Amino acid sequence: MSRVIIIGCGGVAKVAIHKCCQLDSVFTDLLIASRTKEKCDEVKKELEGKTKTNITTAKIDANDFDALVKLFKEFKPEIVMNLGMPYQNLIIMDACLECNSHYLDTAAYEPMDVNEPKWRERYEKRVKEKNFTAYFDYSYQWEYQEKFAKKGLIALLGCGFDPGVSQAYVAYAKKHEFDRIDEIDILDCNGGDHGYPFATNFNPEINLREVSSMGAYYENGKWISIPPMSIHQKYNFDGVGEKDIYLLHHEEIESIAKNLPEVKRIRFYMTFGESYIRHMNCLQNVGLLGTKAIDYEGHKIVPIQFLKALLPDPASLGSRTKGKTNIGCIFKGIKDGKEKTYYIYNVCDHQEAYKEVGSQAVSYTTGVPAMCGALMILKGYWTTPGAKTVEEYDPDPFIEALDKYGLPKRESYNPVLVD
Ligand code: NDP
């Protein structure tokens with residue numbers, strides 16, 4: 001018997017809602033709360049008669065602390081799953097503390113406006129001191145460690161696939177396959193085709209901000225920053241075939257570097273097609289990726305938000321996306337005194353995901369781990385309180401749940417390595 005609130009009702013949230021409702025013996029009471037209540041009502045209707053989960057819906061602006069507290073106090077959730085935008089992570093964490101609820105999200109905090117002076121000052125200091133250039137970083141959420149720990153609550157940070165499962169794979173490799181891990185390459189391949197000239201498979205704002213920013217990797221205790229998309233090569237993915245992979249900065253590099261300090265190098269690669277990159281560069285060149293509001297004929301418009309309104313909604317790509325994703329981690333390290341390599345990954349089919357929950361595989365591979373993360377907390381598999389990332393918990397029950405609920409692992413003991 002668990003009472004759960006899901007905030008947001010986009011691509012990822014819809015999958016998580018479907019998966020929670022498949023486990024109706026655990027997720028007995030679910031409140032879906034989002035900015036557009038009609039979307040919540042639509043999902044509730046889709047699930048009518050298919051689940052015993054008691055679903056209610058509400059309109060919420062996650063920027064409004066008082067409204068969040070009121071909603072949480074009325075519903076009394078054991079956990080709040082924040083599957084909306086990362087801009088509201090801190091305010092939702094504050095509301096969870098106020099109402100004694102666990103918290104979960106799928107992306108590290110970043111501000112909507114990266115030119116906001118107070119935030120910018122701290123950012124510039126971080127860039128100068130650590131050469132850490134990404135707009136997202138865990139430092140803001142790690143500051144909640146003591147507050148959550150004191151109340152015996154968990155704030156589970158970044159529990160999608162990457163971040164999320166990627167870190168469970170790291171913890172799993174450390175527990176079962178290696179005495180020491182030296183190098184980790186996280187590879188995120190989307191071999192799906194939606195047929196549009198340009199669309200993003202998850203929230204366009206977050207996606208385009210991430211991809212158009214400086215790339216970075218972690219080596220020998222330092223951040224190495226590189227111009228956007230300037231390191232790339234080809235990799236042949238199981239189930240997908242050969243794709244171009246590009247080195248990006250990604251949030252789990254920061255937490256893995258902190259939690260497994262023996263690892264000498266951590267890199268993250270994502271696949272992109274030529275058309276995606278051409279469109280993104282063009283949109284950036286004309287200023288449409290800007291996050292600062294401009295004045296247009298008396299209206300304030302944030303360029304990237306305007307662009308989001310023009311692009312296809314990622315939640316609508318399900319029926320048209322064909323192909324597979326392949327996401328996982330390649331490790332180099334030492335076992336029993338000998339050098340060893342190991343690759344653990346998942347292959348997910350866009351059309352299979354659509355058949356099951358009406359969504360494409362990028363939303364599926366994020367929504368399923370979010371449900372499984374909540375399950376770990378609700379069933380008492382993960383109990384250490386505080387603001388924690390996935391690699392800090394026992395990976396076994398989580399990976400078992402992923403195997404069972406739609407994202408089974410595959411392994412290779414002789415993988416092709418990335419140069
Ligand atoms: P969508 O844009 O599809 O959904 C976002 C939802 O949040 C929408 O329903 C939106 O409402 C709602 N929302 C936005 N602002 C507010 C607000 N102020 N108050 C209440 N609700 C709000 O995004 P996705 O589902 O694609 O992505 C969700 C999250 O998952 C993002 O943070 C993304 O970065 C993360 N993600 C993580 C991955 C991982 O592997 N870890 C992979 C993919 C995504 P409305 O319907 O009105 O727009």
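Counting convention: from 1, in listed order, for ligands and their atoms alike. Predicted model only: the values in this text are computed from it and were never measured.
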So if I count the atoms of ligand 1 from 1 in the order they appear, which ones are less than 4.0 Å from some heavy atom of [X]?
X: Gln88; answer: 18 (N)
X: Thr36; answer: 45 (P), 46 (O), 47 (O)
X: Ala107; answer: 32 (O), 34 (O)

Hey, does [X] come in under 3.5 Å of ligand 1, counting only N/O atoms on both sides?
X: Gly8; answer: no
X: Ile206; answer: no
X: Ala62; answer: yes

Geometric cation-pi criterion, Arg3 with Phe75: 6.0 Å, 45° = yes
Please write down residue, atom name and distance for the protein heavy atom closest to [atom].
atom: atom 46 (O) of ligand 1; result: Lys39 NZ, 2.7 Å
atom: atom 24 (P) of ligand 1; result: Val12 CG2, 3.8 Å
atom: atom 4 (O) of ligand 1; result: Gly10 CA, 3.3 Å

inquiry  = Yes or no: does Pro314 have any heavy atom under 4.0 Å from an atom of ligand 1?
reply    = no
ask   = Are any non-hydrogen side-chain atoms of Arg267 and Leu247 less than 4.5 angstrom apart?
value = yes
